[in-house]
Amino acid sequence: MRIMKKIYEGKAKIVYELDDTAEECLIEYKNSLTAFDGTKKDSIAGKGSLNARISAKIFEFLSNNGVDTHFVKLENLGEDRFAHVCKKVTILPLEVVCRNIAAGSFSRRYGVQEGTPLKNPVIEFFLKNDALHDPLITEQGAVSLGLATPTEIEYLKTQALLINELLRYFFDRLGLILVDFKLEFGRTSDGRILLADEITPDTVRIWDKKTLEIVDKDRFRRDLGNVLGAYEDLWNRIQDNPLIVGEHPSLKFHVFFSVRMHPTVPDSSGMILKRALEWMGFGAVSHVVSGRLMRITFTNAMLNHELVTRLTDVAQNMLTNPAIEEYLMSFEVESGTSLPLIKESIKRD
Ligand code: UDP
């Protein structure tokens, strides 16, 4: 492998072309640290290489659990410079945030005490746009602007919730509580959606289970000091932990197929119900379509591109008659399969 020219430099990373493949690129982690929309800046020697190694281990753990990611391998460039060889993707202009405990912008926006456990994990989308300060965007907003299709939004939410289950388990094994995190996804040239970017203390909130000490970028945001020490602490916890290769936390999710008659096909059950409704005085009912709902539950599996492709095949060839029926596939993740959700509020002194 030989690094070719720099193709992009952002706030936290530099992307290079590789001479031996057009499908992959090299992403180097920088030492720079920014917060509050880039208004607070610093550079900490050694932070980039720590983050590259931390993110590599987390991506390996997620890949071992069936998550489709852009990560290929960690590359030591020498002189304490580390990079990731990654599959080339076009990053979706959406940040996907998942929260277990109120903190940061969620606490500010809704006036909720930091440390308040959420009854269920919350997914939020933010538009990646520096000029607009990355505003919160609704699912309908994202679809209406053509940033993702409804099916892609459904897939991103399910991915984020399943990754949350995996990461909560991962950090729990390291003696840490996962408060929230941000994910980015990218599209390959053949249309697959892969988990991309990084998962590091710059993009997650993690608190020590016993001391509640902050082990992430909030140390920098809030001038708590010892930023590098916290990142080193995390790396030391991760480094020799066997769970990265060995352990597979249990995941559970449901796939729903709602099947209904194609609108152009005469639907006798629908017509009978329509007549009954008219007889009961519902004069304004113009059409009734009948159908059926199927729920398939997966345990100890991951929803990824391969599974969706196979399920689509099953739906078209087994579950429905495509000549007269149409279907919609949707997903539901069971939270707390790997680890029960926190119920007690977490109060720091
Ligand atoms: N986050 C991130 N990049 C961003 C914004 C947020 O990695 O541009 C992460 C952040 O570290 C936290 C989570 O996403 O783990 C939720 O961040 P929040 O919306 O609370 O914003 P913040 O208060 O961190 O600005």
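In each ligand, atom 1 is the first atom listed, and ligand 1 is the first ligand listed. Side-chain atoms are counted along with the backbone in the values below, which use heavy atoms only and exclude waters and symmetry mates.
Of the listed options R221, E184, E124, R205, R205 places a heavy atom closest to atom 16 (C) of ligand 1. The option with the heavy atom closest to atom 1 (N) of ligand 1, from among K217, K182, E198, H133, is K182.
Residues D68 and H305 bring no donor and acceptor atom of their side chains to less than 3.5 Å of each other. N51 and D202 form a side-chain donor-acceptor contact under 3.5 Å, judged by distance and modelled atom types alone.
Applying the ring-ring contact (aromatic ring centres under 6.0 Å, His included) rule to pairs touching residues 157-187 yields F61-F170, sequence neighbours excluded. Within the structure, ring-ring contact (aromatic ring centres under 6.0 Å, His included) contacts touching residues 17-49 (residues at least two apart or in different chains) are Y29-H84.
With a 4.0 Å heavy-atom cut-off, ligand 1 is reached by no atom of D216.
Protein heavy atom nearest atom 13 (C) of ligand 1, with residue, atom name and distance: D180 OD1, 3.5 Å. Here the protein heavy atom with the shortest distance to atom 4 (C) of ligand 1 is E95 OE1, 3.7 Å. The nearest protein atom to atom 25 (O) of ligand 1, hydrogens excluded, is given as R108 NH2, 4.0 Å; this is a heavy-atom distance.
Put simply, the side chain of D134 gets close to the backbone of N129: a donor and an acceptor are under 3.5 Å apart.
Ion pairing between D19 and R2 holds under the 4.0 Å rule for side-chain N and carboxylate O.
In this structure, atom 6 (C) of ligand 1 has no protein heavy-atom contact shorter than 4.0 Å.
Proximity to V204 (heavy-atom distance under 4.0 Å) selects the following atoms of ligand 1: 15 (O). Listed by atom number, the atoms of ligand 1 under 4.0 Å from S105 heavy atoms are 18 (P), 19 (O), 20 (O), 21 (O), 23 (O). Residue-ligand proximity, D202 to ligand 1, at heavy-atom distances under 4.0 Å covers atoms 7 (O), 11 (O).
By the 6.0 Å and 45° rule, R99 does not stack over the aromatic ring of F106.
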